[in-house]
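Take a look at the structure set out below.
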Protein chains: 2
Amino acid sequence: MTVRRDPTAPWDTARAARRARLERARGVWPDRWVPPERVTPLLEAILEPGDRVCLEGDNQKQADFLAGALARVDPARVHGLHLVLSVLALPEHVALFERGIARRLDFSFSGPQALRLAGLVQAGKIEIGAIHTYLELYARYFVDLTPRVALVAAQAADAAGNLYTGPNTEETPTVVEATAFRDGIVVAQVNERLERLPRVDIPGDWVDVLTLAPAPSTIEPLFTRDPAEIGEIQVLMAMMVVKGIYAEYGVQSLNHGIGFDSAAIELILPTYGEALGLRGRICRHWAVNPHPTLIPAIEAGFVESIHAFGSELGMEAYVAARPDVFFTGHDGSLRSNRALAQTAGLYGCDLFVGSTLQLDLAGNSSTATASRITGFGGAPNMGSDARGRRHATPAWLRAGREAPPGPGGMPRGRKLVVQLLETFREHMEPAIVERLDAWDLAERMGTALPPVMIYGDDVTHVVTEEGIANLLLCRSDAERAEAIRGVAGYTPVGRARSRSAVEALRALGIVRRPEDLGIDLRDATRDLLAARTVKDLVSWSGGLYDPPARFRRW
Amino acid sequence: MTVRRDPTAPWDTARAARRARLERARGVWPDRWVPPERVTPLLEAILEPGDRVCLEGDNQKQADFLAGALARVDPARVHGLHLVLSVLALPEHVALFERGIARRLDFSFSGPQALRLAGLVQAGKIEIGAIHTYLELYARYFVDLTPRVALVAAQAADAAGNLYTGPNTEETPTVVEATAFRDGIVVAQVNERLERLPRVDIPGDWVDVLTLAPAPSTIEPLFTRDPAEIGEIQVLMAMMVVKGIYAEYGVQSLNHGIGFDSAAIELILPTYGEALGLRGRICRHWAVNPHPTLIPAIEAGFVESIHAFGSELGMEAYVAARPDVFFTGHDGSLRSNRALAQTAGLYGCDLFVGSTLQLDLAGNSSTATASRITGFGGAPNMGSDARGRRHATPAWLRAGREAPPGPGGMPRGRKLVVQLLETFREHMEPAIVERLDAWDLAERMGTALPPVMIYGDDVTHVVTEEGIANLLLCRSDAERAEAIRGVAGYTPVGRARSRSAVEALRALGIVRRPEDLGIDLRDATRDLLAARTVKDLVSWSGGLYDPPARFRRW
């Protein structure tokens, strides 16, 4: 008994549907360049109820004009869409669900819409498929979440539809590849139509419809941290990370999550790092956005290469003037690529440093709190051990030697995953807790699993203002919990520590205080920051860094 | 004390070097289209000693003309190159090291050159940086192994240098992106120069030099397995996998490594799978090359989508006629992409099935044997738990429930990783052993770690002709070892089993025999194969599959 499909059934339904939809589109406007005021009727012609649509929302760049145009379609004609996008950041995204135009959502991060998103869930106006890490969502674009229609944003296009993204290439090529090569339809909003593009980021024959947006697409300066807001506790933690982790393991390649904690690390490389003789010995290769707080380390000669997920507003001229460090095109501007930078962060880096809101005694961390559905972004990807990695570096081998060996005593390497957190966050909420809020959230949301950012067995070091807990060296769950208590300060879980047990861990090097590392607390001042203000960053850059207005205080 | 780099030092050394090299190239030939007979002098003009060079060697496609041209350069002028490529498959690759043109190698797989490679190591003619999994090597192209020069292969180019890869896009876009956007130089060999390309796979402004190769670039039919060579033991193992794993976990998305074992699974889906009522319930989405042995499952309606690493010789017309299943361009032909398919396999799939040469009692596996340096390919990537994955599927959740919970009792999901192997391989060598040859190899090669293909704690099931060992359910190392002995047949480690312990594991469902799964050994015949010959595959395809001559036996 062998089965065979109905031999008369077609094998090109998507291609035929594409043809029919583009035919309908031509009824709205005869050319592939559609005037902005005709885009809403165009989308009504192209889209069908229940379609899976990628409305490009990257970590930074947003197809905001197309989002607005989509939010204005007639819900009687277009409804029940399945929205796939990495970052749900715009009010228009939420409006799609409020109006019933979209029904289902698969995404990675919700940023400023986290509260409203939780409201939509409670009102039953949205079905959340899953919350992904970025690279995982892109993976599914090629497996079971391929978009039927992609609405994307680029800087410019030429007559042939070739796209120039400028520095914020981000995930546009990945989204377009998934859609265009499965007989989907690609609609692009661009800021400019040019005779000749500075470079081609996406070939024109992958793009179906173009429109000149009335305003440039939104880009968020997510990776700018004002050095003025960095305190001495952050300097102290940064010193511990640089001396106790980066120097000890010889970390060559790394990713920094965004935050004042990691900005402090970047800013003490040219001072403290230099004093320790670490230039050329650590932090040579980065998978990271062009953080303005990296400028001094670059100018000091610490940084050999940076591959970027996206760009950062105001960094364009600086990046263009540092092509030995950044990946740039022949046009001179940055070429970012979120999928490839996430891959670089996963497989090409010795270390990930990230901050978290909550950490439990097993080392599990979460940024989910009861009333907000924020999502993960890229942290789970870069903050996990890449078990398929096979190339060795000194840092990776040493981390592997400190950890228990693999099955059957098989030696292996390990990625360093560092969680940085002050023991108390704002409003004196303890950051280290017995039980993550994620448990309650999972129950209320009805998700299969609590939304854990990084699982405890992927974390190698927890760093607080009190010291470093090296979880690699812990040989039991109890030892791991006591090590975390040992750096938990005056939080309830910190006060519940056994003083003698923590001292025993200190003797083993599992818990290390600043003094154990030869760090004098009196040195932990803002004087160690190579730049203390945004203006200092501009000065370091020789005037090339042009910060957005909100960061200008002079 | 703050350090600053010498302010007069340039930041565009790579760009200046690129300019100088292209200037020298123009001295050899004034146009970007260089006649093939001038390519060797051109490479002598472009390359400098010690350069890092990606000489495109994909799993299938090879830039063979450029490899030959490079092997003929004068070693007095060009020597000590650092070669980065995923597959070292051509005699010319080895010749580069024998002649001293290249000195260092970072790669993923050596296939047919495994023996000669081992010889080069022993002769001290090569330094091996590391052996990588594919995606890991691509990651490093953007971190610390960025090529200065890339020598790549495409099907066709137009006057503007736009490249058309045809179905074997493979990793060309990834290699070119890393090189072109770090001020490197991209040289492409093409089979045709066309006025107008069927589609653009790589924009022309990413490419510097082109040459019309005298013969089409080599493509290996690596993914063709003749059903005639599949035996009844493989049918039996396939039945166990389909009924005992795919059906039980409800596996929706998967990757199959290549081999007769997994080909047998593909070929019994339309017969045995259909009889079990599994169509539409399992194996809907694949990250896999267009295996000819998948044709019957596609024709039977099992397969909804396939995203491919590369193509397969002879499958071109069939793929083009099945656009609902395969990712194809508007030109009709396959668009593959190895980096994205590896990402799909890592993060988007419930399950990986692979074969191995050796497995130890901890479940560690290796294809390394004493005299061959074969490398890993993609197996470590797809055969490892993607710890950054956060989206849930039934298969992933169930595997996670069977495994011990995460730290602090945190529930999580798991990828299914199945190792398929007969207990004895050729020459009656036992496949399940106390100690992997990889230990000795590491010692002889002086590598930091034994070359393990998949670590035991990533393996969820071991399947042999004797049954299935479910390692997820094992609660201790001893239990795991006994479970593996329980399916190790008459190998020495199998004979050393405790019969009562294995029976106890059977009662727990950890070891399952065919009869425990309701499989009658008498049903395990070649009659279950939907195609028993290559000719049958051609017939299933309605004559669209056009097998290479070596597979034609009629």
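Chain naming here is simple, since letters A, B, ... match the order of the sequence lines and numbering starts at 1 in each. Computation of the quantities below employed the complete heavy-atom set of this structure, encompassing side-chain atoms and omitting hydrogens, waters and symmetry-equivalent molecules.
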Do Ile298(B) and Arg5(A) have side-chain heavy atoms sitting under 4.5 Å apart?
no

Any donor and acceptor pair, going by atom type alone, linking the side chain of Asp205(A) with main-chain N or O of Val200(B) inside 3.5 Å?
yes

Counting heavy-atom pairs under 4.5 Å with chain B, the top scorer among Ala379(A), Ala442(A), Pro323(A) is Pro323(A)

When you measure from the side chain of Glu136(B) to the backbone N and O of Gly348(A), does any donor-acceptor pair fall under 3.5 Å?
no

Proximal component of Gln342(A), with respect to chain B [non-hydrogen, under 4.5 Å]:
neither

Which bit of Leu361(A) is near chain B, if near means a heavy-atom gap under 4.5 Å: side chain, backbone, both or neither?
neither

From the list Leu135(B), Thr133(B), Asp183(B), the residue making the most non-hydrogen contacts under 4.5 Å with chain A is Leu135(B)

Heavy-atom cut-off 4.5 Å, strictly under: side chain, backbone, both or neither for Thr447(B) against chain A?
neither

Interface moiety of Ile131(A) toward chain B, non-hydrogen atoms closer than 4.5 Å:
backbone

Charged tip of Arg412(B) within 45° of Tyr455(A) ring normal and under 6.0 Å
yes

At a 4.5 Å cut-off on heavy atoms, which part of Pro7(B) comes close to chain A: side chain, backbone, both, or neither?
neither

Among Ala139(B), Gly456(B), Pro407(B), who wins on heavy-atom pairs under 4.5 Å with chain A?
Pro407(B)

Can a side-chain donor-acceptor contact be found between Glu177(B) and Asn337(A) if the only test is distance below 3.5 angstrom?
yes

Name the region of Leu197(B), side chain, backbone, both or neither, that has any atom closer than 4.5 Å to a heavy atom of chain A.
neither

Given Phe142(A), which partner from the list Phe326(B), Phe327(B), Trp286(B) fulfils the ring-ring contact (aromatic ring centres under 6.0 Å, His included) test?
Phe327(B)

Say you draw a straight line from CG of Leu340(A) to CG of Leu340(B); how long is it, rounded to the nearest 0.5 Å?
7.5 Å

Looking only at heavy atoms and a cut-off of under 4.5 Å, which of Glu299(A), His132(A), Arg322(A) has the most pairs with chain B?
Arg322(A)

Donor-acceptor contact present, side-chain Arg199(A) to main-chain Pro203(B), <3.5 Å:
no

Against chain A, work out which of Phe302(B), Trp206(B), Tyr347(B), Trp11(B) has the most heavy-atom pairs shorter than 4.5 Å and name it.
Trp11(B)

Taking side chain as everything from C-beta outward and backbone as N, CA, C, O, which of these in Thr146(A) sits under 4.5 Å from a heavy atom of chain B? Side chain, backbone, both or neither.
side chain

Arg435(A), part contacting chain B, at a heavy-atom distance under 4.5 Å:
neither

Test side-chain contact (heavy atoms from CB on, under 4.5 Å) applied to Arg182(A) and Ser305(B), step by step:
CA-CA 10 Å; Arg182(A) 197 92 196 283; Ser305(B) 76; 3.4 Å; yes

In terms of heavy-atom proximity below 4.5 Å to chain B, should Ala481(A) be classed as side chain, backbone, both, or neither?
neither

Is Tyr141(A) in contact with chain B via its backbone, its side chain, both, or neither, using a 4.5 Å heavy-atom distance?
backbone

Residue pair Arg15(B) / Thr328(A), side-chain donor-acceptor N/O under 3.5 Å:
yes

Checking heavy atoms, do the side chain of Ala9(B), its backbone, both or neither come under 4.5 Å from chain A?
neither

Arg4(A) to Trp540(B) six-membered ring, cation-pi geometry met (6.0 Å, 45°):
yes

Counting only N and O atoms by type, is there a donor-acceptor contact under 3.5 Å from the side chain of Arg140(A) to the main-chain atoms of His391(B)?
no

Just give me the residue among Ala130(B), Pro450(B), Gly273(B), Ala392(B) that pairs up with chain A most often, heavy atom to heavy atom, under 4.5 Å.
Pro450(B)

Which of the residues Ile454(B), Asp360(B), Val325(B), Leu528(B) is involved in the greatest number of heavy-atom pairs with chain A at under 4.5 angstrom?
Val325(B)

side-chain contact (heavy atoms from CB on, under 4.5 Å) between Met410(A) and Val452(B): does it pass, once the steps are laid out?
CA-CA 9 Å; Met410(A) 186 62 72; Val452(B) 170; 3.5 Å; yes

Does Leu334(A) form a side-chain contact (heavy atoms from CB on, under 4.5 Å) with Phe181(B)? I'd like the steps, not just the answer.
CA-CA 8 Å; Leu334(A) 184 74; Phe181(B) 289 100; over 6 Å; no

Test item: Asp144(B) side-chain N/O and Ser253(A) main-chain N/O as donor-acceptor pair under 3.5 Å
no

Heavy atoms, side chains only, cut-off 4.5 Å: are Arg18(A) and His330(B) in contact?
yes

Looking only at heavy atoms and a cut-off of under 4.5 Å, which of Pro411(A), Ala362(A), Ala386(A), Ser384(A) has the most pairs with chain B?
Pro411(A)

Heavy-atom distance under 4.5 Å to chain B: side chain of Arg279(A), backbone, both or neither?
side chain

Would you check if the side chain of Asp12(A) reaches a backbone N or O of Asp324(B) as a donor-acceptor pair within less than 3.5 Å?
no

Heavy-atom distances under 4.5 Å only: say whether Leu436(A) touches chain B with side chain, backbone, both or neither.
side chain

Heavy atoms from other residues, nucleotides or ligands near CG of Asp477(B) exceed 12 (cutoff 6.0 Å):
no

Please state whether the side chain, the backbone, both or neither of Met453(A) comes within less than 4.5 Å of a heavy atom of chain B.
backbone

Given heavy-atom pairs under 4.5 angstrom as the criterion, report whether the side chain, backbone, both or neither of Ala287(A) touches chain B.
neither

Do side-chain atoms of His285(A) reach the backbone of Val143(B) as a donor and acceptor pair under 3.5 angstrom?
yes

